[in-house]
Amino acid sequence: ALGSLQGILSSVGIAFGLGTIVQGATKSIIGFEQANATLSAVLGKTSAETQDLQKIQRELGRTSGYTATQVGELQIELARLGFTENEIKGATESVLLLAKATGSDLGRASEVAGATLRGFGLNANEIGRVVDVMAKSFDMSALGMENFAESMKYVAPVASFVISIGDIASAGDSPVHVTPPSSEYS
């Protein structure tokens, strides 16, 4: 009787384990499909027209330590910043490496890198240089993603007329901290 009970429990455990695996795989597929539906909508294209981006998602999902869905979310953020499909293709891996180097999530890394690129009026093909400068400035100082993002809100639109991103990120030995102007008068 004990052997029979163990056999039944073992079968139930195997069935439960298989069910959990199938459920997890189904959620991954749904997440991937949803991310790509959103990406297509933001780009104003059909899912079939964004197959090249999906291919990049799958490839980086296999090789980067991030899931294909996470890579898709990175691409969505770039699309929301006005990047074209070709610009997203060129920027995805650079932004992924920035996120990995800084420990930030992919969406935030793409948002900050993309906004910085746009703030300096640079072309999308310069995203590699932008993320290299960002990573170097983070590595050489106490500057982190959030401080950098906050600083660039105020610095990039003005500085793009007179100074390069590399000059700003490497200015001095301390991180760039910009405080927004006060609305109160002394």
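None of the values given here were measured: they were computed from a predicted structure.
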**Student:** To the nearest 0.5 angstrom, please state how far the CG atom of Leu74 sits from the CG atom of Leu98.
**Tutor:**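 That separation rounds to 9.5 Å.
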
**Student:** Quick one: CG on Leu106 to OG1 on Thr69, what's the gap to the nearest 0.5 Å?
**Tutor:**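 It is 11.0 Å, given to the nearest 0.5 Å.
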
**Student:** Is the shortest heavy-atom distance from the side chain of Val95 to the side chain of Ile127 under 4.5 Å?
**Tutor:**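 Result yes, sub-4.5 Å side-chain heavy-atom pair found.
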
**Student:** Grab the two heavy atoms, one from Phe138 and one from Gly144, that are nearest each other, plus how far apart they are.
**Tutor:**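 So the minimum-distance heavy-atom pair works out to CE2-O, 3.6 Å.
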
**Student:** Can any side-chain N or O of Gln57 pair as donor or acceptor with the backbone N or O of Gln75 at less than 3.5 Å?
**Tutor:**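 Checking the backbone N and O of Gln75 against the side chain of Gln57, no donor-acceptor pair under 3.5 Å is found.
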
**Student:** Output all residues satisfying side chain to side chain contact (heavy atoms under 4.5 Å, CB included) with Leu81, sequence neighbours left out; order by chain, then residue number.
**Tutor:**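 Side chain to side chain contact (heavy atoms under 4.5 Å, CB included) check on Leu81 returns Phe83.
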
**Student:** Verify the neighbour count for atom CD of Glu87: are there more than 12 heavy atoms of other residues, nucleotides or ligands below 6.0 Å?
**Tutor:**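 More than 12 within 6.0 Å, yes.
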
**Student:** Considering only NZ, NE, NH1 and NH2 on the basic side and carboxylate oxygens on the acidic side, decide whether Glu111 and Arg80 come within less than 4.0 Å.
**Tutor:**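 The answer is no: the pair does not qualify as a salt bridge.
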
**Student:** What side-chain hydrogen bond (donor to acceptor under 3.5 Å, both in side chains) pairs are there with at least one residue in residues 96-105, not counting sequence neighbours?
**Tutor:**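 Only Thr102-Ser104 qualify under side-chain hydrogen bond (donor to acceptor under 3.5 Å, both in side chains).
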
**Student:** Is any side-chain heavy atom of Leu122 closer than 4.5 Å to a side-chain heavy atom of Val130?
**Tutor:**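 Of all side-chain heavy-atom pairs linking Val130 with Leu122, at least one is under 4.5 Å.
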
**Student:** Drop me the distance from Arg58's CZ to Thr67's OG1, to the nearest 0.5 angstrom.
**Tutor:**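 Rounded to the nearest 0.5 Å, the CZ-OG1 separation comes out at 12.5 Å.
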
**Student:** Run the numbers on Arg129 and Asp132 for side-chain contact (heavy atoms from CB on, under 4.5 Å), then give the verdict.
**Tutor:** CA-CA 5 Å; Arg129 183 172 69 93; Asp132 286 347; 5.5 Å; no

**Student:** Supply the atom-to-atom distance Thr116 OG1 to Lys153 NZ, rounded to the nearest 0.5 angstrom.
**Tutor:**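 Between Thr116 OG1 and Lys153 NZ, I get 11.5 Å after rounding to 0.5 Å.
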
**Student:** Are Gln70 and Ser64 close enough that some pair of their side-chain heavy atoms sits under 4.5 Å apart?
**Tutor:**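 They are not in side-chain contact.
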
**Student:** Taking the side chain as every heavy atom from C-beta outward, state whether Val112 and Met145 have any pair of such atoms under 4.5 Å apart.
**Tutor:**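 Counting from C-beta outward, Val112 and Met145 do come under 4.5 Å.
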
**Student:** Taking C-beta and beyond as the side chain, do Glu77 and Arg108 meet within less than 4.5 Å on heavy atoms?
**Tutor:**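 Answer no - side chains too far apart.
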
**Student:** Could you state the interatomic distance from CD (Glu73) to CD1 (Ile76), rounded to the nearest 0.5 Å?
**Tutor:**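 It comes to 6.0 Å.
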
**Student:** Quick one: does Glu49's side chain have a donor or acceptor within less than 3.5 Å of a partner on Thr46's backbone?
**Tutor:**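 Side chain of Glu49 to backbone of Thr46, a donor-acceptor pair under 3.5 Å: yes, one is there.
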
**Student:** With rounding to the nearest 0.5 Å, note down the distance linking OH in Tyr66 to CG in Leu96.
**Tutor:**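 Tyr66 atom OH to Leu96 atom CG measures 5.5 Å (nearest 0.5 Å).
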
**Student:** For residues 37-45, dump all side-chain donor-acceptor pairs below 3.5 Å to protein atoms at least two apart in sequence or in another chain.
**Tutor:**
unit_1 : atom_1 : unit_2 : atom_2 : d
Thr38  : OG1    : Gln34  : O      : 3.1
Thr38  : OG1    : Gln34  : NE2    : 3.3
Ser40  : OG     : Asn36  : O      : 2.9
Ser40  : OG     : Thr50  : OG1    : 3.2
Lys45  : NZ     : Glu85  : OE1    : 3.0

